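See structure below.
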Amino acid sequence: MRILRVIVVAWLITACGTVMGWAIGRPFGRQQLFLGAVALGTLAILVAVRVLATMGWLNVDRRRGASICALCAFALAAPLAAMNLDQALVPLLLLSFVGVGMILGAGPSAAQ
């Protein structure tokens with residue numbers, strides 16, 4: 001259960017940041033839409049790691065590994081989500097990669 005709550009909270013925070021970036025970039029075109037979503041999604045991942053560590057749900061000593069792996073997972077999920085913008089659920093479900101990457105980078109025992 002501890003791992004699942006870390007994945008869900010990381011997914012929610014990242015999804016909120018990505019959607020905000022998408023909304024900011026949308027009026028300026030497709031490239032700016034992608035850029036805004038990636039930029040704010042990246043910041044949201046870093047915020048998610050900090051929030052989870054502050055809440056005590058993620059080991060503080062393993063934040064760096066969690067951040068690196070979550071950002072790598074986001075780098076994989078972002079282009080796949082951009083290819084499937086016509087389907088509403090696919091981009092949001094792809095963001096669950098971030099939570100899984102966070103757990104893999106920190107190690108399953110890091111979820112407290």
Side-chain angles (χ1 to χ4, degrees):
M1 262 336 244
R2 296 176 302 184
I3 293 175
L4 183 61
R5 69 180 176 193
V6 169
I7 291 172
V8 169
V9 169
W11 173 71
L12 286 173
I13 293 173
T14 305
C16 289
T18 304
V19 168
M20 286 181 4
W22 176 82
I24 291 170
R26 185 174 181 198
F28 303 107
R30 188 169 174 90
Q31 289 179 338
Q32 285 75 14
L33 178 145
F34 183 74
L35 181 64
V38 168
L40 286 182
T42 300
L43 290 175
I45 289 170
L46 299 175
V47 168
V49 170
R50 181 168 289 204
V51 166
L52 289 169
T54 302
M55 291 172 60
W57 290 4
L58 190 66
N59 191 343
V60 177
D61 297 333
R62 298 193 181 176
R63 285 187 305 182
R64 180 176 291 160
S67 298
I68 291 170
C69 249
L71 290 170
C72 289
F74 186 66
L76 291 173
L80 293 173
M83 287 186 247
N84 294 304
L85 285 177
D86 54 335
Q87 301 170 354
L89 289 180
V90 173
L92 288 176
L93 290 176
L94 285 171
L95 289 177
S96 66
F97 287 0
V98 172
V100 174
M102 193 177 292
I103 293 296
L104 290 175
S109 63
Q112 300 174 352

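For this chain, numbers begin at 1 and follow the sequence in order. Computed from a predicted model, the values in this text were never measured in an experiment. Scope of the values below: all heavy atoms of this structure, side chains included, with no hydrogens, waters or symmetry mates.
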If you take all heavy atoms of [X] and [Y], which pair is closest and at what distance?
| X | Y | result |
| --- | --- | --- |
| Arg63 | Ala53 | CD-CB, 3.5 Å |
| Val38 | Thr42 | O-OG1, 2.7 Å |
| Ala70 | Ile45 | CB-CG2, 3.7 Å |
| Ala75 | Pro79 | O-CD, 3.0 Å |
| Cys69 | Gly101 | CB-O, 2.9 Å |
| Ala66 | Ala106 | CB-CB, 3.8 Å |

Grouping I, L, V, M, F, W and Y whenever their side-chain heavy atoms are under 4.5 Å apart, do [X] and [Y] come out in a common cluster?
| X | Y | value |
| --- | --- | --- |
| Leu4 | Trp11 | yes |
| Val47 | Val100 | yes |
| Ile7 | Leu80 | no |
| Val98 | Val8 | yes |
| Ile68 | Leu58 | no |

Testing Leu52, Thr14, Val9 for side chain to side chain contact (heavy atoms under 4.5 Å, CB included) with Met102, which one passes? Leu52
Each residue besides Ile24 in its hydrophobic cluster should be listed here, by chain and number; the cluster joins Ile, Leu, Val, Met, Phe, Trp and Tyr at side-chain heavy-atom distances under 4.5 Å. Met20, Leu40, Leu43
Start with the C-alpha distance between Leu94 and Leu76, add both sets of side-chain angles, then the distance that settles side-chain contact (heavy atoms from CB on, under 4.5 Å), and finish with yes or no. CA-CA 9 Å; Leu94 285 171; Leu76 291 173; over 6 Å; no
Holding to side chain to side chain contact (heavy atoms under 4.5 Å, CB included), I want the full list of residues that pass it with Ala73, two or more places apart in sequence or in another chain. Phe97
With Gln87, which residues qualify under side chain to side chain contact (heavy atoms under 4.5 Å, CB included), at least two apart? Asn84, Val90
Stepwise side-chain contact (heavy atoms from CB on, under 4.5 Å) check, Val51 with Trp57: CA-CA 9 Å; Val51 166; Trp57 290 4; over 6 Å; no
So Leu35 and Phe28, side-chain contact (heavy atoms from CB on, under 4.5 Å) or not? Walk me through it. CA-CA 11 Å; Leu35 181 64; Phe28 303 107; over 6 Å; no
